[in-house]
There are 2 protein chains.
Amino acid sequence: MVSLRLITDQPVTIADKTFIQLRQDIVEGVIRPSSKLSETELSTKYAVSRAVIREAINRLESCHLVERKANVGARVVALTQDGLEELYQVREALEGMAARLAAIHMTDAEINDLKSLLSTHFETVQSGETYYQEAGDLDFHYRIILGSKNTQLISMLVDSLYHLIRMYRVQLGMAGPRVTTAFDEHRHIVQAISNRDAELAEMLMRRHILYTKQNSQKTLLSHINSQTRM
Amino acid sequence: MVSLRLITDQPVTIADKTFIQLRQDIVEGVIRPSSKLSETELSTKYAVSRAVIREAINRLESCHLVERKANVGARVVALTQDGLEELYQVREALEGMAARLAAIHMTDAEINDLKSLLSTHFETVQSGETYYQEAGDLDFHYRIILGSKNTQLISMLVDSLYHLIRMYRVQLGMAGPRVTTAFDEHRHIVQAISNRDAELAEMLMRRHILYTKQNSQKTLLSHINSQTRM
DNA sequence: AACTCCTATATTGTCGACAATTAACTAATA
DNA sequence: TATTAGTTAATTGTCGACAATATAGGAGTT
């Protein structure tokens, strides 16, 4: 139904697996930001042919995880404050629209699932654990994104933007203290979707992402200050 | 500065040229929608190796101009009403944000250029020619998009979304009667940007795109009705 | 010593061939 | 006749080799 081959179906071809492996290694910093990607080196390292590596690198370029120059080669993107800012601006626009469309297109059953997911999170918060867990937060956002039923939108967010954001999160250690506040924001968004108030859902989602951005930037700044260089 | 290698720099490699040629042929309907892209066939047709064709097809997939299935092959996307709807939803979100950012980041010189571009268009309208010319309209939108100074945003709009939209326009013959009204909308957007009113600029751009969408859908509908199938 | 030009080396770009998979066709059976 | 299994043909996936380009280093000159 949706074209997210790499999400719904498991990878079938060597190039698929290599692409996913490379992406993971880049996102998690095994391959450092700004470092060069030598095709021959990687082909021996991952035990595949250069053609496979080339295809993987091409796909990574489409995700904006690496940058290529003709006849020179590919480098992993650098992590900069401007880059993070740009990312969150795009995310605000796209995911705001996703929330708007989700309020229109999600089925009642899907909305109920979303509510029960929120309840589970609420219990987690009450039990003292930090709510803003990677997995839980991602689950929440993914459901709304998928709820938009817009394949273009879904693909842009899930296939590229989220991996880049995760790269910043993982490598600059952005756990953040936004524990209970984020939960309330989530709750209000779900309420708006449940009321089929598309306008409000978009607005609340955009504000939620704006807050998240400000928090991330603070974390990034302190991270830069604590290091000599990045 | 900006990563738009294929926009700013001219293509240097055979794969670049082939990609651009293939993209043009798909957008302009030389290669029909929903038709299969045989690698061997294309490699003989364009007189390049299969590896080059494969790389081109991979890039086309990233632009959402073709869809691939592993071990089966690639097909040109189909032109559907839902597809057009999805496209315009994404465009509204992204280009609205672009207008917002342009109001913040465009230099005074760039804004003046935009104003003089508008004046040129005004004269064209007065002289009786239709304003909503492909070239003029595109020029206007591109300047605002580039004015956002957000490379992610720019890349998404210029490298993929706009080619898809143009594919619909060209193949379904959407010239549209939105002649002078579109001009007024453009004028108001420029005014908002000139006033550095980011909020208003985004809102006006979104409405402008919404109008364009409704117009396109009307054209598409009548196009479908005049044909037995599409 | 600084600069330019040239050469050598390493890396990317391109190609044709082989391997693996899918789709179509045929034949056999219920 | 419909269905299933097997076989064949065609297409895609993968690979290693060769060609073209860029970077680095050294020789020569001012």
Ignoring hydrogens and geometry beyond distance, is a side-chain donor-acceptor pair present between A/Tyr168 and A/Ser216 at under 3.5 Å?
no
Interatomic distance where CD1 belongs to A/Ile53 and C1' belongs to C/dT11 [whole Å]
15 Å
So does B/Lys36 get a side-chain nitrogen or oxygen closer than 4.0 Å to the phosphate oxygens (OP1/OP2) of D/dT12?
yes
Taking the nucleotide of DNA chain C with the closest heavy atom to each, which residue, A/Ala51 or A/Ala74, is nearer the 5' end?
A/Ala74
Starting from the 5' end of DNA chain D, give me the residue, B/Thr40 or A/Val72, whose nearest nucleotide shows up first.
B/Thr40
Any side-chain N or O of A/Thr13 under 4.0 Å from OP1/OP2 of D/dT12?
no
Compare side-chain N and O positions of B/Arg54 against OP1 and OP2 of D/dG13 and report whether any pair is under 4.0 Å apart.
yes
Let me know the distance between CZ of A/Arg75 and C1' of D/dT23, rounded to the nearest Å.
13 Å
A/Ala15 side chain: which of D/dC15, D/dT14, D/dG13 is closest?
D/dT14
Whole-Å distance between C/dT12 C1' and A/Glu55 CD?
17 Å
Between D/dC18 atom C1' and B/Ile14 atom CD1, what is the distance in whole Å?
14 Å
To the nearest angstrom, the CD-C1' distance between A/Glu39 and D/dT21 comes to 13 Å
Starting at the 5' end of DNA chain D and moving along, which residue's nearest nucleotide shows up first, B/Ser38 or A/Ala47?
B/Ser38
Of the options C/dT22, C/dT14, C/dG13, whose atoms approach the side-chain atoms of A/Asn71 most closely?
C/dG13
For C/dT14, take OP1 and OP2 only and decide whether either is under 4.0 Å from a side-chain N or O of B/Ser49.
no
Close side-chain approach of A/Tyr162 to A/Glu95, heavy-atom, < 4.5 Å:
yes
Separation of B/Arg68 atom CZ from D/dT12 atom P, in whole Å?
9 Å
Do the ring planes of A/His208 and A/His186 sit parallel (below 30°), tilted (30 to 60°) or perpendicular (above 60°)?
perpendicular
For A/Leu42 and C/dT12, what is the distance between atoms CG and C1' respectively, to the nearest whole Å?
13 Å
Are B/Arg54 and A/Glu55 close enough, and set up right, to give a salt bridge (charged side-chain N to carboxylate O under 4.0 Å, His left out), and what steps lead you there?
CA-CA 9 Å; B/Arg54 276 180 71 83; A/Glu55 181 171 335; 3.6 Å; yes
Spacing of B/Lys17 atom NZ relative to D/dA20 atom P, expressed in whole Å
14 Å
Check ion pair B/Glu92-B/Arg206 (N to O, under 4.0 angstrom)
yes
